[in-house]
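Written out below as structure tokens is the structure these notes cover.
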Amino acid sequence: MVSIARKNLFEDIPRFLIAQAGIMFAVSLVTIQTGVLNGVIRSTITLVENSTADIWLASDKMIQLELTRPILYDYAVRAKKIDGVKRAEALLQGAANIVFRV
């Protein structure tokens, strides 16, 4: 079995070189995609990891931090009024939903 594979690869050098180029291309694509994925994950979690907040409030429909609709600012005002809360801040990130009426 090994001798047939070796014979097919080494007797037809152009086919061997094309196969090697395909393998190198596939490995480079996987490496690039892994790097992009790691960069996205690191940039997404940086906000939460570098925060000093004890509790984060978010919408119950939140799927991802960047892709969720913001909760009302009134919730931050309500949180400030709770006993034991020293500070409550609203975080506005991303684009706002603006409605233009003519």
Side-chain angles (χ1 to χ4, degrees):
M1 194 65 115
V2 175
S3 61
I4 295 172
R6 189 177 298 131
K7 179 181 163 189
N8 284 335
L9 282 176
F10 294 122
E11 282 188 8
D12 192 7
I13 297 298
R15 185 191 305 181
F16 175 72
L17 294 176
I18 291 171
Q20 290 297 317
I23 291 169
M24 288 189 306
F25 182 69
V27 168
S28 65
L29 281 181
V30 169
T31 304
I32 290 168
Q33 288 177 341
T34 303
V36 169
L37 177 65
N38 288 336
V40 167
I41 290 172
R42 248 185 263 120
S43 69
T44 301
I45 198 80
T46 299
L47 175 68
V48 177
E49 281 185 344
N50 293 334
S51 172
T52 58
D54 293 328
I55 297 175
W56 283 72
L57 299 177
S59 171
D60 59 346
K61 295 177 180 145
M62 182 169 121
I63 297 172
Q64 295 176 343
L65 184 63
E66 288 89 6
L67 296 177
T68 188
R69 303 193 106 214
I71 60 175
L72 298 174
Y73 178 75
D74 185 49
Y75 292 153
V77 174
R78 287 187 210 173
K80 288 180 187 177
K81 295 178 184 177
I82 297 174
D83 291 334
V85 175
K86 293 180 184 176
R87 187 175 78 191
E89 297 176 1
L91 171 68
L92 179 61
Q93 180 178 354
N97 293 333
I98 301 172
V99 178
F100 292 102
R101 294 194 179 143
V102 180

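Only a predicted model underlies this, so the values are computations on that prediction, with no experimental measurement involved.
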Which pairs pass salt bridge (charged side-chain N to carboxylate O under 4.0 Å, His left out) with one or both residues in residues 14-24, sequence neighbours excluded? D12-R15
Which atom pairs, one a donor and one an acceptor, fall under 3.5 Å between side chains of residues 78-86 and the rest of the protein, sequence neighbours left out?
| from | atom 1 | to | atom 2 | distance (Å) |
| --- | --- | --- | --- | --- |
| R78 | NE | D74 | OD2 | 3.0 |
| R78 | NH2 | D74 | OD2 | 3.0 |

If you look only at distance, which donor and acceptor atoms sit under 3.5 Å apart when one is on a side chain in residues 18-41 and the other is two or more places apart or in another chain?
| from | atom 1 | to | atom 2 | distance (Å) |
| --- | --- | --- | --- | --- |
| S28 | OG | M24 | O | 3.3 |
| S28 | OG | F25 | O | 2.7 |
| T31 | OG1 | V27 | O | 2.8 |
| T34 | OG1 | V30 | O | 2.8 |
| N38 | ND2 | T34 | O | 3.4 |

